[in-house]
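Input: a single structure, listed below in structure tokens.
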Amino acid sequence: MYSHNTTQTTLRNLIIEWMGYFLLRESMLDSLVRARDTFLKSSTGLMMPSHATMLVAPITDEEERKVQHQDYAGAMDDWKEFAETTQTMYGVDMSILQEDFDREQKEYYVLSSRWAELPTSCLLAEPVVVKEYDMHVCTVEDARGVGLAVGEDKGVGAPFDFDVVGRSSSPDAAAASSSDGYAGPISGFAGWFTVDFKGRTDEAGRSVAPEVPNPAYLSTGPEMGCKFFMCISCVVWIVRPSYITHTTFQPHTLIIDTHWGQQVFHLPSAIPLLADETTRLEGTLEMHRTKESARLYNCRFRYVASRRKTGSDKDGDDVLMKGKPEELVYQIP
């Protein structure tokens, strides 16, 4: 992105497309922060995108979840056949390797996130924000992940609390909409991001930096289907040798193909939804870099599932079932 030997220049604007899968994958945010601190005017310079938000929601996606488990089962069947053949033909016992092989296959097929273009019908609850970034003031520490203690690869996590309502058993259930509940089951979680192209909101810059008269917005969420949506109002930044200015166009919407999609974290076992009952998923998400590669991240979901009658107090004593605490760590390949 830049060289440490480059003569420092003070810029009015920095335009950098740095976003990876689920925003942080590929670890390009570090370079953005260093470039900003080196080249951008501290109180009047503008970053584009200016803000970023990470979101998570529970989903139903059983067909793909089952495919992952079938692939895992197939890999283990192949191993069994290989181990038996090796034992029969050569008298070599491969059983000492089975545990490690099983762990590797499970991590790859079951506990790895998957890229997807989900329809909105897969969403089972409103998404929650797990991390927000102001690109004018975020730090390299912020780039390390989500829900972490300073300098650590773990922390209290970013909280989430989802209520997933099961279908009503009333006679009109056949004609019910999603507002009347979902058939389910809960197959896992999906994560995605949005970014904004707008003026500064930080204390140092909001009163002195130039205004962005027509802010723009980009979402990679399921509401866009297989496209990304960018509400462009529209600011185009024109770079000249001696200055940077901008030109504004009339508002319009741009919908084009994107590579970002959503990252899907399928559960090892689906959680069924029962008629007239609400399933609560309460927990935290942590996201941290892997030890093997600074470009890649792992996501840790900790949660407890419980059920209650729909309409009853979620924090009351009418809990019908409460599961044990679950902890799942996924690779984002």
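Just so you know, these numbers come straight off a predicted model, no measurement behind them.
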Hey, quick one: are L32 and L11 part of the same hydrophobic cluster, counting side-chain heavy atoms closer than 4.5 Å, chains of contacts allowed?
yes

Got a second to check how far R114's CZ is from Y21's OH, nearest 0.5 Å?
12.5 Å

Given the rule that I, L, V, M, F, W and Y join up when any side-chain heavy atoms are under 4.5 Å apart, are V208 and V212 in one cluster?
no

Residues D276 and S169: side-chain donor-acceptor under 3.5 angstrom
yes

Distance from Y182 atom OH to L124 atom CG, nearest 0.5 Å?
6.5 Å

Could you tell me which non-hydrogen atom of E62 sits nearest to which non-hydrogen atom of A270, and how far apart they are?
OE2-CB, 3.4 Å

How far does OG of S42 sit from CG of D37, to the nearest 0.5 angstrom?
10.0 Å

Regarding D153 and R300, does a basic nitrogen lie under 4.0 Å from an acidic carboxylate oxygen?
no

Relative to the ring of F162, is the ring of F189 parallel (under 30°), tilted (30 to 60°) or perpendicular (over 60°)?
tilted

Please identify which of these residues, R36, R295, R289, meets the salt bridge (Lys or Arg N to Asp or Glu O under 4.0 Å) condition with D30.
R289

Does the side chain of Y72 pick up a donor-acceptor pair with the side chain of D102 at under 3.5 Å?
yes

Does one side chain, of S219 or T194, offer a donor that lies under 3.5 Å from an acceptor on the other?
no

Considering all heavy atoms of both residues, which atom of Q331 and which atom of E107 are nearest to each other, and what is their separation?
NE2-O, 3.1 Å

Roughly how far, to the nearest 0.5 Å, is the CG atom of L285 from the CZ atom of F301?
4.5 Å

Are V128 and L267 connected into the same hydrophobic cluster when the rule is that any two of I, L, V, M, F, W, Y join if their side-chain heavy atoms are below 4.5 Å apart?
yes

Salt-bridge criterion met for D134 and R206 (N-O under 4.0 Å)
no

Joint hydrophobic cluster, I16 plus M28, side-chain heavy atoms closer than 4.5 Å
yes

Are I332 and L148 connected in the hydrophobic side-chain network, where two residues link if heavy atoms are under 4.5 Å apart?
no

Which class fits the ring pair F101 and W79: parallel under 30°, tilted 30 to 60°, perpendicular over 60°?
parallel

So, does Q68 use its side chain to make a donor-acceptor pair with the main chain of H266 at under 3.5 Å?
no

OH-CZ distance between Y217 and F197, expressed to the nearest 0.5 angstrom:
11.5 Å

Do S312 side-chain atoms and K309 backbone N/O form a donor-acceptor pair below 3.5 Å?
yes

